Amino acid sequence: MLLVLSEDHKEHLSFLPKVDTAVVGEFGRIALEFLKKGTTPKIYEGAARKLCVPVEMVQHGVEGLMYLMTESSKHMISEVDFLDSVLILGFVEELNQILLQLYLQHQSQIRSVLSLLPSNLPAYHNVEWRLDVQLASRSVRQQAIPMLSLRLLLMTGCDHSSRALQTDPSTLLHLISTLEAALAAMKTSHTRRILRNIK
């Protein structure tokens, strides 16, 4: 899976090639600290004074780096997909490798921080299913009409909810095959090239 970066995000990250590689590593450390403890304007001001740039530029650079790392960790993208995602930014290979090392070093920490954050979206908890088959009716003595009933149990924080679904097996198999084909298409090199060129 490739990350699709917005124009604002690309603009925020465009600051990174203008600074030393050690500064990029420091920005990664600051971004990780901000994820754990929240932002501190004094750190932005101190870094801006050292680099002789506006505070907003430093803030946007750190926040852009934080967004890149959190989205990559959230989707658990592979090394190849990460490099393909940052390739669109036009950075030199050395900077791409530094960003990759930051991502690989801090991926597990970022995922643990993200797991502690409250989520408003319902999450999968369990599924209950039943297969009903109608074998006969008054008008037709021999028939077989299968119907699959599903109950999805979802969690939103501490609240539990459920959704009832009903389908026939052929529709369910068609849905599964369509989703598998879509996932397979996302992994092809042709799709990666298209996503890389979308702006």
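Since the structure is predicted, the reported quantities are computational estimates derived from the model, not experimental observations.
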Leu150, Tyr124: one ILVMFWY side-chain cluster at the under-4.5 Å cut-off? yes
Please evaluate residues Glu79 and Leu104 with respect to the criterion side-chain contact (heavy atoms from CB on, under 4.5 Å), reporting the C-alpha separation (whole Å), side-chain torsions for both, the decisive distance (0.1 Å), and the verdict. CA-CA 8 Å; Glu79 294 180 32; Leu104 294 176; 3.8 Å; yes
Within one Ile-Leu-Val-Met-Phe-Trp-Tyr cluster: Ile176 and Val127, side-chain cutoff 4.5 Å: yes
Do the side chains of Val133 and Ile145 get nearer than 4.5 Å, heavy atoms only? no
Could you state the interatomic distance from NE2 (His174) to CG (Leu179), rounded to the nearest 0.5 Å? 9.5 Å
Answer with yes or no whether the hydrophobic clustering places Leu131 together with Leu173; edges join I, L, V, M, F, W, Y residues whose side-chain heavy atoms lie under 4.5 Å apart. no
Please report the interatomic distance NE2(His160) to CG(Asn126), rounded to the nearest 0.5 Å. 11.0 Å
Pairs meeting criterion salt bridge (charged side-chain N to carboxylate O under 4.0 Å, His left out) with involvement of residues 145-162, two or more places apart: Glu128-Arg151
With side chains defined as the heavy atoms from C-beta onward, is the minimum distance between Ser162 and Leu154 less than 4.5 Å? no
Step-by-step side-chain contact (heavy atoms from CB on, under 4.5 Å) determination, Ser161 to Arg163: CA-CA 7 Å; Ser161 61; Arg163 299 284 185 269; 4.2 Å; yes
Using a 4.5 Å cut-off on heavy atoms from C-beta on, say whether the side chain of Leu148 contacts that of Asp168. no
Would you confirm whether Ser72, through its side chain, and Leu68, through its main-chain N or O, come within 3.5 Å as a donor-acceptor pair? yes
Which atom of Pro146 lies closest to which atom of Pro169, heavy atoms considered: O-CD, 3.7 Å
Hphob cluster co-occupancy, Leu172 + Leu183, side-chain heavy atoms under 4.5 angstrom: no
Joint hydrophobic cluster, Leu100 plus Met76, side-chain heavy atoms closer than 4.5 Å: no
